> 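Got a structure for you, questions after.
Start at 1 and go down the list; that is how both ligands and their atoms are numbered. Because the structure is a prediction, the values reported are computed rather than measured.
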Amino acid sequence: MKYTITTPLYYVNDKPHLGSSYTTIACDALARFHRLNGNNVLFLTGVDEHGQKIERTAELKKLPPQVHCDDITMQYKYLWDKLNIKYDRFVRTSSPEHSIVVNDFYSKVLESDDIYMGRQSGWYCVGCEEYKDVDDSDKQPTCSIHKKDLEWRDEENLFFRLSKYQDQIESLIKKDGFISPKTRKNEIINFVSKGLKDFSISRVNLKWGINVPGNNEHTFYVWFDALLGYVSGSLKDQYSPELSNKSLANWPANIHIIGKDILRFHAVYWPAMLLSAGMNPPLSVFGHGFLTREGQKMGKSLGNVLDPIELLEYGGIDAMRWYLLRDIEFGEDGDFQMRRFVDIVNSDLSNTIGNLLNRTITMSRKWFQSNIPIDKRKLDNSKLKDISNIKINEYMKSFQQNNFKNSANAIIDLANSANLFLNDRAPWKLIKDISNKDVVAQDIYSVLESCRIIGVLLNPIVPDLSERILKQLNIDTTSVTFENSLNWGLLNPDNPLPKPNPVMVKIEYNESKIK
Ligand code: MSP
């Protein structure tokens, strides 16, 4: 089955922050999960390079916009590399092939008679690149997200006939599973029920954008341009960017994962644009919450961002990926707290999982000639086997629902059960009587097998740690499919167990290290 997943295309007004890392890590985990399940995955990410916000930032830096964009794009790619983000396509909206797609798409929308010239006046937020609804009595309104003054605009723009798609959009957004989470769906239904207004898709007095063919003083509105990045990223052949159903791979997207602030663009404007061009709208849109710091949205414009590179250097890749997916309910806002970050990572990954693996391997090496023990009594009656199957089920279901937190919890539940089992059975006491050796072999085998399953399940969330765990168990990960590797009893008895190293070193709490 095909599975296309996208991150938003990030504005390049500044280097990436923890908020953008959060979305990208979540998408990467989902993409990895679907790949492991044998799906044909297209994971698309990229950058949104045009518009006034970027033009002004480049001006401030006294750089040509393209030079500025190249620099920030490089920083995004560098970070995604460091975070082991395995994307298939990286879209740049300043690329020549993207311009061709935008032009081609525009001509289809023109053919549908969905474009007209009009006049737009209103309060504009350059941070959001969006006109805002403002109370008439407010003489100098500000943006609630960026806390900056809105700018008054009154200009001739090209308009897209969004209102024409009222009925189609209404039935689309009501479809089961199109918008998640549910609270967000209601917001959008409420917005659409008030009646859709046509929106402007061009700007005058803005050079840093794609020229509108036939209207020389106009460039495309940055959102019209950027949303089409999902199309350019889906081209089978990026070098012959012609738009037709056949030229697109894996279309439409199965899921656009975005922040809640840009849900309208994705769940309303974007599907209507696609319908106008005769193309299929996405199958679903997921609007996640904001990462906050001290209760405020973390954002480039607010200057309260946590530098992901600093956090990476401090806690490491597994810590960062685990914390973000395990502690924050995907869909809800989550407050980043350094103390909690350190505690959760140390408790889950170093203690509950890491120590379990190390102490069991140490016992096995000591009592069974450095090997995985042979379980002569057969494994079918293992209590841990039953728990493992239940937890695998929970993990799978939760991942299918984009609920990373519950998937991570299922892994920790299994690890907790294995720790409890070990403490209950106390093999270090049993082994003192040699007649118990077979029983101990079975117990140790069961715990090592639980560790193997934990290692496999961790793969999409913390791929590096997963690899270290499986290596520690001396397992060749390439020979079995994900599904088969979740069957109980695959550990090969007699397999030598190398001397264990800690798979996850504890983080020392030191807030002063992070600004
Ligand atoms: N360029 C547009 C998206 C175009 S998609 C065709 C844009 N870019 S952005 O860089 O400003 O934001 C990208 C994403 O980051 C958005 O989904 C936004 O919600 C998300 N986040 C920005 N700050 C965030 C947090 N503090 N926490 C979580 N996500 C946040 O919008």
> Once salt bridge (charged side-chain N to carboxylate O under 4.0 Å, His left out) is applied, do any residues pair with K132, and if so which ones, sequence neighbours excluded?
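Applying salt bridge (charged side-chain N to carboxylate O under 4.0 Å, His left out) to K132 gives E130.
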> Decide whether a cation-pi geometry holds between K77 and F90; the criteria are a distance under 6.0 Å from NZ or CZ to the six-membered ring centre and an angle within 45° of the ring axis.
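Judged by the rule (NZ or CZ under 6.0 Å from the ring centre, within 45° of its axis), K77 counts as positioned above F90.
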> Would you call the rings of Y3 and H34 parallel, tilted or perpendicular if under 30° counts as parallel and over 60° as perpendicular?
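Y3 and H34: parallel rings.
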> Enumerate, atom names and distances included, each donor-acceptor pair closer than 3.5 Å involving a side-chain atom of residues 159-166, sequence neighbours excluded.
| unit_1 | atom_1 | unit_2 | atom_2 | d |
| --- | --- | --- | --- | --- |
| R161 | NE | D113 | O | 2.8 |
| S163 | OG | D198 | OD1 | 2.6 |
| K164 | NZ | S112 | O | 3.0 |
| K164 | NZ | D114 | OD1 | 2.6 |
| Y165 | OH | D114 | OD2 | 2.4 |
| Q166 | OE1 | L196 | N | 2.7 |
| Q166 | NE2 | E170 | OE2 | 2.7 |
| Q166 | NE2 | V192 | O | 2.9 |

> Considering G229, G259, S20 one by one, which has a heavy atom nearer to atom 17 (O) of ligand 1 than any of the others?
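Checking each option, the heavy atom nearest atom 17 (O) of ligand 1 is found in G259.
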> Can the ring centres of H256 and F286 be said to be less than 6.0 Å apart?
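Not close enough - the centres of the two rings lie 6.0 Å or further apart.
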> Taking atom 11 (O) of ligand 1 as the point of reference, which of Y230, W270, Y11 owns the nearest heavy atom?
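It is Y11 that holds the nearest heavy atom.
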> Near H288, which atoms of ligand 1 are under 4.0 Å from a heavy atom of that residue?
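With H288 as reference, the close atoms of ligand 1 come out as 28 (C), 29 (N).
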> Below 4.0 angstrom from a heavy atom of G289, which ligand 1 atoms are there? Numbered from 1 as shown, please.
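Heavy-atom distances to G289 below 4.0 Å select 28 (C).
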> With respect to atom 16 (C) of ligand 1, which of I328, L291, I262 exhibits the smallest heavy-atom separation?
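It is I262 whose heavy atom sits nearest to atom 16 (C) of ligand 1.
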> Could you tell me, atom by atom, which parts of ligand 1 come under 4.0 Å of a heavy atom of D48?
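Matching atoms, with element in brackets: 1 (N), 2 (C), 4 (C).
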> Here's a test for you: under salt bridge (charged side-chain N to carboxylate O under 4.0 Å, His left out), which of D225, D70, D48 qualifies with R92?
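With R92 as partner, D225, D70, D48 yield a single salt bridge (charged side-chain N to carboxylate O under 4.0 Å, His left out), made by D70.
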> Show which atoms of ligand 1 fall inside a sub-4.0 Å distance from at least one heavy-atom site of F290.
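By the 4.0 Å cutoff, the relevant atoms are 19 (O), 27 (N), 28 (C).
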> Is W223 touching ligand 1 with its side chain, its backbone, both, or neither, if touching means heavy atoms under 4.0 Å apart?
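W223 to ligand 1: side-chain contact only, backbone stays beyond 4.0 Å.
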